[in-house]
Engineer: 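This structure is in structure tokens; I'll ask about it shortly.
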Amino acid sequence: NEKYLYITSIEDNGLEILDVTDPANPELAAILPDTEETKMNNTHTVMFKDNYAYIGATGDSAIQIVDISDPLSPKPISYMADSETIGLGGVHEMTLKGNYIYAAGREENAIAIFDTSDPANLKHVASLFDNEQMALKRPEGLELDERNYAYVMSTREGLEVLDMSNPANPRHVTAVFDNDELALGGLDGLDIRGNYLYVVGKEGFAIFDISEPSNPRQISAISPAQEKGLAVSNDIKLSKNYAFVVSEGEEGSLVMIDISDPKNPFIKEAIYSDDSKPFLRGAHHLEIIGNYIYITGLQNGVGIVKFTE
């Protein structure tokens with residue numbers, strides 16, 4: 001939220017909370033380390049609902065639930081561990097909509113769905129595993145649109161579309177497999193606004209028209225050859241008329257793309273890692289709150305960038 005920043009760590013195995021009331025001077029608020037009673041080995045993703053944080057732990061193939069009603073004293077309350085029928089192996093990205101968590105089990109080529117109605121007793125609702133018709137091989141993550149269609153990014157195959165109108169019975173809608181005419185290779189980040197899907201990966205940045213979920217169409221793209229800051233793009237977030245992309249490419253970067261016309265996006269500005277911006281080296285994830293961008297990477301640390309139009 002606008003006061004506290006929650007950060008996972010794949011090396012330190014836990015959760016760190018920073019007070020960012022003054023973004024120019026973040027202060028440590030609390031640390032919650034992994035213990036024998038928790039499942040926070042290689043924590044990767046954190047989602048929020050009410051006063052609870054749901055943390056995806058890649059190393060434990062589990063979801064840890066933490067009570068954050070007092071951010072200065074977070075309390076673990078329960079966890080959901082993987083099994084043969086769940087498909088949480090190597091859980092990577094997750095998304096939370098309504099009372100349901102949708103998690104990408106990267107090592108099991110699966111999407112698993114959980115009911116969060118009782119945070120102390122997370123319930124497994126359903127799972128989908130990859131098959132010949134689907135594009136769920138090594139899923140990185142997913143997002144849901146307002147119509148309850150889920151768009152899943154597969155680093156190995158492309159884009160999978162699922163109907164999540166009934167979380168207990170998710171259905172395959174279509175798969176868009178990468179080819180020479182599409183920018184779906186090595187997908188690692190996506191975001192949705194209205195009828196448009198914005199994706200990033202090893203082939204740069206692309207926008208798809210998803211007005212017909214059964215027929216996503218790429219309408220524009222910007223390749224790494226056009227903007228070096230899009231090489232090995234890892235995450236994307238939208239704010240106002242812009243898409244912000246971080247890349248852990250050769251230099252590490254933050255790229256600001258004008259998307260006011262989805263058919264003709266263009267680079268507005270880009271900054272690259274240097275001695276004054278070491279947090280951009282290996283830039284891997286970002287969140288936007290107001291005019292502030294919070295960036296974490298593979299070089300240990302967090303950076304805060306302010307942007308103006």
Engineer: Over all heavy atoms of both residues, which pair between L238 and D191 is shortest? Give the atoms and the distance, please.
Structural biologist: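 Reported closest heavy-atom pair: N-OD2, 3.2 Å.
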
Engineer: Counting C-beta onward and ignoring hydrogens, is there a side-chain heavy-atom pair between V20 and Y294 closer than 4.5 Å?
Structural biologist: yes

Engineer: Within a strict 4.5 Å, meaning less than it, do heavy atoms of the L159 and Y151 side chains meet?
Structural biologist: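 SC-SC contact between L159 and Y151 confirmed.
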
Engineer: Any side-chain heavy-atom pair from Y198 and L190 closer than 4.5 angstrom?
Structural biologist: no

Engineer: Are the side chain of T58 and the backbone of V91 linked by a donor-acceptor contact shorter than 3.5 Å?
Structural biologist: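 Here the side-chain-to-backbone pair exists.
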
Engineer: For a quick test of reading the model, state the closest non-hydrogen atom pair linking F208 to Q218 and the distance between them.
Structural biologist: CD2-N, 3.3 Å

Engineer: Could you go through L15 and T43, starting from their C-alpha distance and side-chain angles, then the distance that decides it, and tell me whether this counts as side-chain contact (heavy atoms from CB on, under 4.5 Å)?
Structural biologist: CA-CA 8 Å; L15 180 72; T43 52; over 6 Å; no

Engineer: Among the clusters formed by ILVMFWY side chains lying less than 4.5 Å apart, do I77 and I68 turn up in the same one?
Structural biologist: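 Hydrophobic grouping puts I77 apart from I68.
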
Engineer: Is there a side-chain contact between L5 and P26 (heavy atoms, below 4.5 Å)?
Structural biologist: no

Engineer: Salt bridge (Lys or Arg N to Asp or Glu O under 4.0 Å) for D209 and R217? Distances and angles first, verdict last.
Structural biologist: CA-CA 5 Å; D209 182 333; R217 296 180 298 107; 2.9 Å; yes

Engineer: Would you find a donor on one side and an acceptor on the other, under 3.5 Å apart, between the side chain of E108 and the backbone of A110?
Structural biologist: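 Such a contact is absent between E108 side chain and A110 backbone.
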
Engineer: Is there a path of hydrophobic side-chain contacts, each under 4.5 Å between heavy atoms of I/L/V/M/F/W/Y residues, joining V125 to L144?
Structural biologist: yes

Engineer: Got a donor-acceptor contact below 3.5 angstrom from the S260 side chain to the N241 backbone?
Structural biologist: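 Judged by distance alone, no pair lies under 3.5 Å.
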
Engineer: Would you say I10 has more than 12 foreign heavy atoms packed within less than 6.0 Å of its CD1?
Structural biologist: no

Engineer: Is it true that the side chains of D261 and N264 contain a donor and an acceptor less than 3.5 Å apart?
Structural biologist: yes

Engineer: Do I295 and V302 touch side chain to side chain, with heavy atoms closer than 4.5 Å?
Structural biologist: no

Engineer: Where do I236 and F244 land on the side-chain contact (heavy atoms from CB on, under 4.5 Å) test, with the steps shown first?
Structural biologist: CA-CA 6 Å; I236 178 172; F244 292 87; over 6 Å; no

Engineer: D235 and K237: salt bridge (Lys or Arg N to Asp or Glu O under 4.0 Å), yes or no, with the steps?
Structural biologist: CA-CA 7 Å; D235 198 13; K237 292 293 185 297; 3.2 Å; yes

Engineer: Do F205 and I259 make a side-chain contact, defined as non-hydrogen atoms from C-beta onward lying under 4.5 Å apart?
Structural biologist: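 Contact flag for F205/I259 side chains = yes.
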
Engineer: Is it true that, when you exclude F279 itself, more than 12 heavy atoms of the residues, nucleotides or ligands shown sit nearer than 6.0 Å to its CZ?
Structural biologist: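 For F279, atom CZ is crowded (more than 12 foreign heavy atoms under 6.0 Å).
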
Engineer: If Ile, Leu, Val, Met, Phe, Trp and Tyr residues are connected whenever their side-chain heavy atoms lie under 4.5 Å apart, and connections chain through other members, are Y52 and I101 in the same group?
Structural biologist: yes

Engineer: Taking the ring centre of each residue, are Y6 and F48 less than 6.0 Å apart?
Structural biologist: yes

Engineer: Is the number of heavy atoms from other residues, nucleotides or ligands under 6.0 Å of Q226 CD greater than 12?
Structural biologist: yes

Engineer: Would you say L286 ends up clustered with Y292 if hydrophobic residues are merged whenever their side chains have heavy atoms under 4.5 Å apart, either directly or through other cluster members?
Structural biologist: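 No: no chain of side-chain contacts under 4.5 Å links Y292 to L286.
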
Engineer: Y54 and F114: ring pair (Phe, Tyr, Trp, His ring centres under 6.0 Å), yes or no, with the steps?
Structural biologist: CA-CA 11 Å; Y54 298 83; F114 304 91; 9.9 Å; no

Engineer: Look only at the side chain of T155 and the backbone of L187, and say whether a donor-acceptor pair between them is shorter than 3.5 Å.
Structural biologist: no

Engineer: Any side-chain heavy atom of V200 within less than 4.5 Å of one from L230?
Structural biologist: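 With C-beta onward as the side chain, the pair stays apart.
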
Engineer: Please determine whether side-chain contact (heavy atoms from CB on, under 4.5 Å) holds for the pair L197 and I207, giving the CA-CA distance in whole Å, both sets of side-chain angles, and the decisive distance to 0.1 Å.
Structural biologist: CA-CA 6 Å; L197 173 70; I207 303 176; over 6 Å; no

Engineer: Taking the side chain from N13 and the backbone from N42, do they hold a donor-acceptor pair closer than 3.5 Å?
Structural biologist: yes

Engineer: Report, as yes or no, whether the 6.0 Å neighbourhood of atom NZ on K268 holds more than 12 heavy atoms from other residues, nucleotides or ligands.
Structural biologist: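 No.
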
Engineer: Is it true that a side-chain atom of T45 and a backbone atom of H92 form a donor plus acceptor pair closer than 3.5 Å?
Structural biologist: yes

Engineer: Can you see whether E160 engages H172 through a side-chain donor-acceptor pair at a distance of less than 3.5 angstrom?
Structural biologist: yes

Engineer: Might you work through the salt bridge (Lys or Arg N to Asp or Glu O under 4.0 Å) test for R171 and D163, ending with a clear yes or no?
Structural biologist: CA-CA 5 Å; R171 296 185 302 109; D163 182 344; 2.6 Å; yes

Engineer: Under 4.5 Å between side-chain heavy atoms, hopping through other hydrophobics if needed: is there a path connecting L122 to I55?
Structural biologist: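 No, no single cluster joins them.
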
Engineer: I'd like to check Y100 versus T116 (side-chain heavy atoms, cut-off strictly below 4.5 Å). Are they in contact?
Structural biologist: no

Engineer: Taking the side chain from S253 and the backbone from V255, do they hold a donor-acceptor pair closer than 3.5 Å?
Structural biologist: no

Engineer: Is there a donor-acceptor pair closer than 3.5 Å between any side-chain N or O of E93 and the backbone N or O of A104?
Structural biologist: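 It does not hold such a pair.
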
Engineer: Taking atom NZ of K240 as the centre, does the number of heavy atoms from other residues, nucleotides or ligands within less than 6.0 Å exceed 12?
Structural biologist: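 Atom NZ in K240 is packed in, count exceeds 12.
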
Engineer: N234 and D188: side-chain donor and acceptor closer than 3.5 Å?
Structural biologist: yes

Engineer: Is N51 reaching over with its side chain to a backbone N or O of S69, donor-acceptor style, under 3.5 angstrom?
Structural biologist: no

Engineer: With side-chain hydrogen bond (donor to acceptor under 3.5 Å, both in side chains) as the test, pick out the partner of E248 among H285, H284, R281.
Structural biologist: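 Going through H285, H284, R281 one by one, the side-chain hydrogen bond (donor to acceptor under 3.5 Å, both in side chains) with E248 is satisfied by H284 alone.
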
Engineer: Would you say K97's side chain and D145's backbone share a donor-acceptor pair under 3.5 angstrom?
Structural biologist: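 Yes; judged by distance alone, with no hydrogens or angles, the pair exists.
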
